Engineer: 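Below is one structure. I have some questions about it.
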Amino acid sequence: MCTECLARRSTGSLRMALTQAWLMLSPIIILCSLCDRGSAEPSSTTWNAALFRPAYQSSEDAADPRNASLANDGNATSCQRTGNGSESWWHVDLLGQMMVESVWITGSDCNNGKGYTLGYFSLNVFTEQPPPDDSGGQVCHNYMLYAENATVNIKCDKTISGRYVRISHLSNTSSICEFKVMVTNNTQFNKYVGWKNSTLEGPVIRSLNTSRLECANHCLSARRAPDPMYCTAFNWVPGTRLCQLMQEDPRIFKSSKLKQSIHGYFYIEDLR
C-alpha cells in the first residue's frame, strides 16, 4: 500500500481514537439512533408519537392549574385543563415530521360521566408551529358530535404529514386526560443524552445483551402497537453488554435521580 494511503489511514485512526477518548471522558454524551422499521411503504403498524413530547395549551385555569404535559404523560388519571376563553386549544410537538393516521383522546370523567371534553372540536395537523387561529394547518377531522364514551378513536379523513397536532374546542374549557397521535413512519430518529459512571434504578421493561448503539435502537423500535413498551431511556454496562430498557419522562427527569455506577452508562431521550 502506498505511503500516502498509510498516512491517511493512520491520521483517520488517530482522529477516531481521539474522538472515542473524548467521549469516554465527557460527563455528558450524545448518542443518536436510527431505526428502519421495514419497507419504504407506510407500515400498517402504528405507534403513539405524542407520548412525553412537548405540549402546549391556550391558557391555564388559575383556580385549578393543570399544565399541558398532563395530557400526554401516559397516565389517564391526570388531566390538563385550560382556563375559560372564547376557544381553547391544546397541541403537541412530535419533534419531527410524521405521517399522522389517527388520534385517541380520553376526556375527564365529569359532566354526568359523559366525558367533559369529547364533543364539538377540530383536529388539525401543522408542519410548523401553529398560530392561535389554526390557520395554515390541514384538517385531520372535525368532530361535531358529543361522545358518550370516555375515549374516542378518531381516524383522520386522510393520512397527513406534519409535526404539530392540535385539538381546538368550541367550548370554553378543555380537559384532556390522554392524547395519543398514531403515526405510521417506517424510520425513526432519536437523540439521547447520557451520563458516564451512572445508572438509573427503576422498573426495567426489557433486558438484553448488546452493543450501546443497538441498545439505543432497541429502545427506539420498542414503540410498536398494539402493546408497545414505550422506551425512553436505558442503562448500558460495557463489560457485560447489559442493556436495560426503561420508561422515564424526559421532560421532568433530573440527573439527581441517578446512582453512581463505576462501569455503567445511563441514556435518556434528548428533547432539545
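If you're wondering where the values come from, they're calculated on a predicted model, not measured in any experiment.
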Engineer: Among pairs that include at least one residue of residues 239-256, which meet salt bridge (Lys or Arg N to Asp or Glu O under 4.0 Å), considering only residues two or more places apart or in two chains?
Structural biologist: Glu248-Lys257, Asp249-Arg251

Engineer: Aromatic rings Phe52 and Tyr230: how do their planes relate, parallel, tilted or perpendicular, breaks at 30° and 60°?
Structural biologist: perpendicular

Engineer: Holding to side-chain hydrogen bond (donor to acceptor under 3.5 Å, both in side chains), I want the full list of residues that pass it with Gln244, two or more places apart in sequence or in another chain.
Structural biologist: Asn235

Engineer: Take a 6.0 Å sphere around CD of Gln129 and say whether it holds more than 12 heavy atoms from other residues, nucleotides or ligands.
Structural biologist: yes

Engineer: Quick one: pull up CZ in Phe234 and CG in Leu220 and give me the separation to the nearest 0.5 Å.
Structural biologist: 10.5 Å

Engineer: Decide yes or no for Ile167 and Ile105: does some side-chain heavy atom of the first lie under 4.5 Å from some side-chain heavy atom of the second?
Structural biologist: yes

Engineer: How far does OG of Ser59 sit from CH2 of Trp89, to the nearest 0.5 angstrom?
Structural biologist: 9.0 Å

Engineer: Is there a side-chain contact between Leu95 and Pro54 in this structure, where contact means two heavy atoms from C-beta onward sitting under 4.5 Å apart?
Structural biologist: yes

Engineer: Identify the heavy atoms of Ala233 and Cys219 that sit nearest to each other, and give their distance.
Structural biologist: N-SG, 3.8 Å

Engineer: Are Tyr143 and Val152 side-chain neighbours, meaning at least one heavy-atom pair lies under 4.5 Å?
Structural biologist: yes

Engineer: For the side chain of Asn142 and the backbone of Leu123, is there at least one donor-acceptor N/O pair under 3.5 Å apart?
Structural biologist: no

Engineer: Using 0.5 Å steps for rounding, measure from the CD1 atom of Ile268 to the CG atom of Leu200.
Structural biologist: 7.5 Å

Engineer: As an exercise, state the distance from OG of Ser198 to CD of Gln260, rounded to the nearest 0.5 Å.
Structural biologist: 7.0 Å

Engineer: Hey, does the side chain of Gln57 reach the backbone of Arg81 with a donor-acceptor pair shorter than 3.5 angstrom?
Structural biologist: yes

Engineer: Shortest non-hydrogen contact from Cys243 to Thr210?
Structural biologist: CB-CG2, 3.9 Å

Engineer: By the salt bridge (Lys or Arg N to Asp or Glu O under 4.0 Å) test, which pairs, at least two apart or in different chains, include something from residues 126-142?
Structural biologist: Asp134-Arg166

Engineer: Hey, does the side chain of Gln80 reach the backbone of Ile176 with a donor-acceptor pair shorter than 3.5 angstrom?
Structural biologist: yes

Engineer: What I'd like to find out is whether the side chain of Ser175 reaches to under 4.5 Å of the side chain of Thr82, using heavy atoms alone.
Structural biologist: no

Engineer: For residues 154-165, which residue pairs pass the salt bridge (Lys or Arg N to Asp or Glu O under 4.0 Å) check, not counting sequence neighbours?
Structural biologist: Asp93-Arg163, Glu101-Lys155

Engineer: With heavy-atom distances below 4.5 Å as the criterion, would you say the side chains of Asn124 and Pro130 are in contact?
Structural biologist: no

Engineer: So, does Thr77 use its side chain to make a donor-acceptor pair with the main chain of Asn75 at under 3.5 Å?
Structural biologist: no

Engineer: Determine the interplanar angle of the Tyr164 and His91 rings, folded into 0 to 90°, and report it as parallel if under 30°, tilted if 30 to 60°, perpendicular if over 60°.
Structural biologist: perpendicular

Engineer: Suppose we screen for side-chain hydrogen bond (donor to acceptor under 3.5 Å, both in side chains). Which residues come up paired with Tyr192, at least two apart in sequence or across chains?
Structural biologist: none

Engineer: Give me the atom names and distance for the closest heavy-atom approach of Thr127 to Ser161.
Structural biologist: CG2-O, 3.9 Å

Engineer: Establish whether Ile160 and Val103 are linked, either directly or via other cluster members, by ILVMFWY side-chain heavy-atom contacts under 4.5 Å.
Structural biologist: yes

Engineer: When hydrophobic residues are tied together by side-chain contacts of less than 4.5 Å, even through go-betweens, does Val237 share a cluster with Val204?
Structural biologist: no

Engineer: When rounded to the nearest 0.5 angstrom, what is the spacing between SG in Cys215 and CG in Leu242?
Structural biologist: 8.0 Å

Engineer: So which atom in Val183 and which in Val100 form the shortest heavy-atom distance, rounded to 0.1 Å?
Structural biologist: CG1-CA, 4.1 Å

Engineer: Less than 4.5 Å apart, side chain to side chain, heavy atoms only: is that true for Glu269 and Asn190?
Structural biologist: yes

Engineer: Side-chain contact test, heavy atoms from C-beta onward, threshold under 4.5 Å: evaluate it for Thr199 versus Leu258 and give yes or no.
Structural biologist: no

Engineer: Carefully, step by step, assess Phe179 and Trp104 under the rule ring-ring contact (aromatic ring centres under 6.0 Å, His included).
Structural biologist: CA-CA 6 Å; Phe179 192 95; Trp104 289 73; over 10 Å; no

Engineer: How far apart are the closest heavy atoms of Arg66 and Cys79, and which atoms are they?
Structural biologist: CD-O, 2.9 Å

Engineer: Output, in order, the C-alpha distance, side-chain angles, deciding distance and verdict of side chain to side chain contact (heavy atoms under 4.5 Å, CB included) for Met182 and Asn48.
Structural biologist: CA-CA 5 Å; Met182 309 307 292; Asn48 176 20; 3.9 Å; yes

Engineer: Tell me, please, which residues at least two apart from Phe253 pass ring pair (Phe, Tyr, Trp, His ring centres under 6.0 Å).
Structural biologist: Trp195, Phe266

Engineer: What is the distance from atom NZ of Lys191 to atom OH of Tyr267, rounded to the nearest 0.5 Å?
Structural biologist: 14.0 Å

Engineer: Which heavy atom in Ala50 sits nearest to a heavy atom in Asn72, and how many Å separate them?
Structural biologist: O-ND2, 2.8 Å

